[in-house]
Amino acid sequence: MPLALLALAIGAFGIGTTEFVTSGLLPDIAADFGVSIPTAGYALGVVVGAPVLAVVGGRVARKTMLMALMGLFVAGNVISAAAPVFGVMLAGRIVASLAHGAFFGIGAIVAAGLVAPRKKAGAIAMMFTGLTTSTVVGVPLGTLVGQNAGWRVTFLIIAGLGVLAVLGIAALVPHQPRPERTRLSGETAAFRNPQVLLAMAMTVLGFGGVFTMSTYLAPLVTDVAGYAPSSVTWLLVLFGLGMLVGNLIGGKYADRALMPMLFTALGGLAVLLALLPLAAHDKIATAVVIPLIGAFGFATVPPLQKRVLDQTADAPTLASAVNIGAFNLGNAMAAWLGGLVISAGFGYTGPNWVGAGMAAAALLLALLSASLERREGQGGRIVASGTKPVSSDTEDAADVADAERVTAGR
């Protein structure tokens with residue numbers, strides 16, 4: 001794997017840290033401003049920023065756009081760190097969130113183009129390793145620093161990671177020619193492809209299932225499993241380690257057999273989420289199931305992102321970024337549905353039944369997608385209007401040509 005993926009992973013690490021570290025710093029931030037900090041603003045910024053900045057990014061070289069997005073990310077974290085009032089702090093959070101979806105969306109395209117054709121999903125997984133590592137290392141350390149040196153210091157350190165990512169992208173990512181001018185209608189045509197829509201729906205439902213568990217993990221393990229509140233941190237680390245391993249496995253096997261990898265990950269996720277309400281009454285079983293949910297959940301990320309890229313090869317930027325927004329949409333939906341179930345009196349195990357249902361629905365969509373693909377018999381791509389069919393042989397030849405162009409560009 002080329003070193004350029006390290007630069008992308010550093011950016012992903014910073015983005016993941018700033019997204020999740022706030023939950024650990026909420027008491028300190030609230031004490032400074034005298035208010036509670038809504039976390040929905042960040043997810044909204046990701047969902048809105050992804051398509052808007054992806055459209056802008058379709059008109060400039062991708063390397064340049066990645067550097068600009070990290071610059072926006074740095075600015076947002078500096079604004080948050082220096083905020084004199086709550087409104088400014090929240091504005092900084094939203095500014096930083098705008099870069100999230102577009103960075104991962106465009107970064108996935110760049111990562112896939114840096115490697116040989118048969119390693120694309122693995123390259124995407126390497127970039128997302130930065131995100132999963134942030135849950136294991138960045139968030140606990142950021143919380144520790146914030147609690148001892150002040151939450152503003154944490155945001156300044158995260159901004160420094162953004163600067164490091166900008167320098168790494170500038171030095172390590174090969175020159176990226178400006179994409180061929182694509183009309184907005186060409187980018188939006190991808191959404192007339194049923195396979196693209198199915199992949200995004202799988203993203204919302206599959207990863208939403210993961211977040212029904214993780215959002216309410218703390219009360220589940222303390223009130224049901226009987227763990228002390230101090231144990232939540234290491235259980236979250238276990239969950240993050242599971243995500244890290246699952247991401248790498250998903251990337252490796254998606255390059256060999258993408259749809260079977262999806263079937264396995266989504267099916268396993270549904271079973272584990274349904275099992276957790278029973279396992280949660282035993283401490284050891286809880287500690288085993290939680291990282292497995294993280295592993296099976298994040299094993300879906302590289303294959304789903306690669307599937308979107310495969311289905312939108314002529315104009316991938318917008319669809320790739322919107323699929324990242326779909327992860328955050330699934331996050332928000334899971335939190336909302338889980339809250340409804342708890343309010344209805346089903347307790348802290350209830351959200352996991354919802355998550356199991358979401359993952360099972362995603363599995364059904366994956367089976368439908370594969371069935372449509374076989375019926376069409378066009379080598380893996382159902383074609384939207386105005387898009388030329390691509391057979392598997394033609395697609396492999398195009399991948400080889402892309403790899404040769406990347407090598408020449410170095």
Taking the side chain as C-beta and beyond, is there a heavy-atom pair between [X] and [Y] under 4.5 Å?
X: L269; Y: I293; result: yes
X: N148; Y: V153; result: no
X: P291; Y: L241; result: no
X: I324; Y: Q305; result: yes
X: F296; Y: V271; result: no
X: M358; Y: V354; result: yes
X: F103; Y: I15; result: yes

Only counting residues at least two apart or in another chain, list the ones meeting side chain to side chain contact (heavy atoms under 4.5 Å, CB included) with [X].
X: I109; result: R62, L309, P316, T317, S320
X: A201; result: L365
X: T203; result: L304, N323, A326, F327

Closest contact, heavy atoms only, [X] versus [Y]:
X: P351; Y: G347; result: CD-O, 3.5 Å
X: P302; Y: A125; result: CG-CB, 3.7 Å
X: K119; Y: V115; result: O-CG2, 3.5 Å
X: A274; Y: A356; result: N-CB, 3.7 Å
X: A265; Y: A299; result: CB-CB, 4.0 Å
X: L172; Y: L3; result: CD1-O, 3.6 Å

Practice prompt. Would you sort out whether M89 and D32 count as a side chain to side chain contact (heavy atoms under 4.5 Å, CB included), showing the intermediate values?
Written response: CA-CA 11 Å; M89 190 272 179; D32 268 13; over 6 Å; no
Separation of [Y] [atom2] from [X] [atom1] (nearest 0.5 Å):
X: L292; Y: L273; atom1: CG; atom2: CG; answer: 11.0 Å
X: M202; Y: Q195; atom1: CE; atom2: CD; answer: 7.0 Å
X: L363; Y: L205; atom1: CG; atom2: CG; answer: 11.0 Å
X: T17; Y: L131; atom1: OG1; atom2: CG; answer: 8.5 Å
X: L248; Y: L244; atom1: CG; atom2: CG; answer: 5.0 Å
X: F13; Y: T132; atom1: CZ; atom2: OG1; answer: 10.0 Å

Are the side chain of [X] and the backbone N or O of [Y] linked by a donor-acceptor pair below 3.5 Å?
X: T154; Y: G142; result: yes
X: K63; Y: V173; result: yes
X: R152; Y: A83; result: yes
X: S97; Y: I94; result: yes
X: R307; Y: M259; result: no
X: T264; Y: P260; result: yes
X: T212; Y: N352; result: no
X: D255; Y: K120; result: yes
X: T349; Y: P277; result: no

Item to complete: Decide yes or no on side chain to side chain contact (heavy atoms under 4.5 Å, CB included) for N247 and M243, but give the supporting numbers first.
Response: CA-CA 6 Å; N247 173 59; M243 292 167 62; over 6 Å; no
Item to complete: Check ring pair (Phe, Tyr, Trp, His ring centres under 6.0 Å) between W336 and all other residues, then give those that pass, not counting sequence neighbours.
Response: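 W336 satisfies ring pair (Phe, Tyr, Trp, His ring centres under 6.0 Å) with no other residue.
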Discussion item. For F298, give me all partners under ring pair (Phe, Tyr, Trp, His ring centres under 6.0 Å), at least two apart in sequence or on another chain.
Written reply: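 Residues passing ring pair (Phe, Tyr, Trp, His ring centres under 6.0 Å) with F298: F207.
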Item to complete: Could you check L235 against L238 for side chain to side chain contact (heavy atoms under 4.5 Å, CB included), going step by step and ending with a plain yes or no?
Response: CA-CA 5 Å; L235 287 168; L238 280 180; 4.3 Å; yes
Discussion item. For the CZ atom on F263, are there more than 12 heavy atoms of other groups (residues, nucleotides or ligands in this structure) within a distance under 6.0 Å?
Written reply: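 Atom CZ in F263 is crowded, with more than 12 foreign heavy atoms closer than 6.0 Å.
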Discussion item. Test side chain to side chain contact (heavy atoms under 4.5 Å, CB included) on T286 and L220; report intermediate values, then the result.
Written reply: CA-CA 10 Å; T286 300; L220 175 72; 5.6 Å; no
Distance-only donor-acceptor pairs under 3.5 Å for side chains of residues 158-165, two or more places apart:
none

Fill in: Mutual orientation of the aromatic rings belonging to H100 and F104 [parallel < 30°, tilted 30-60°, perpendicular > 60°]
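Plane angle between 30° and 60°, so tilted.
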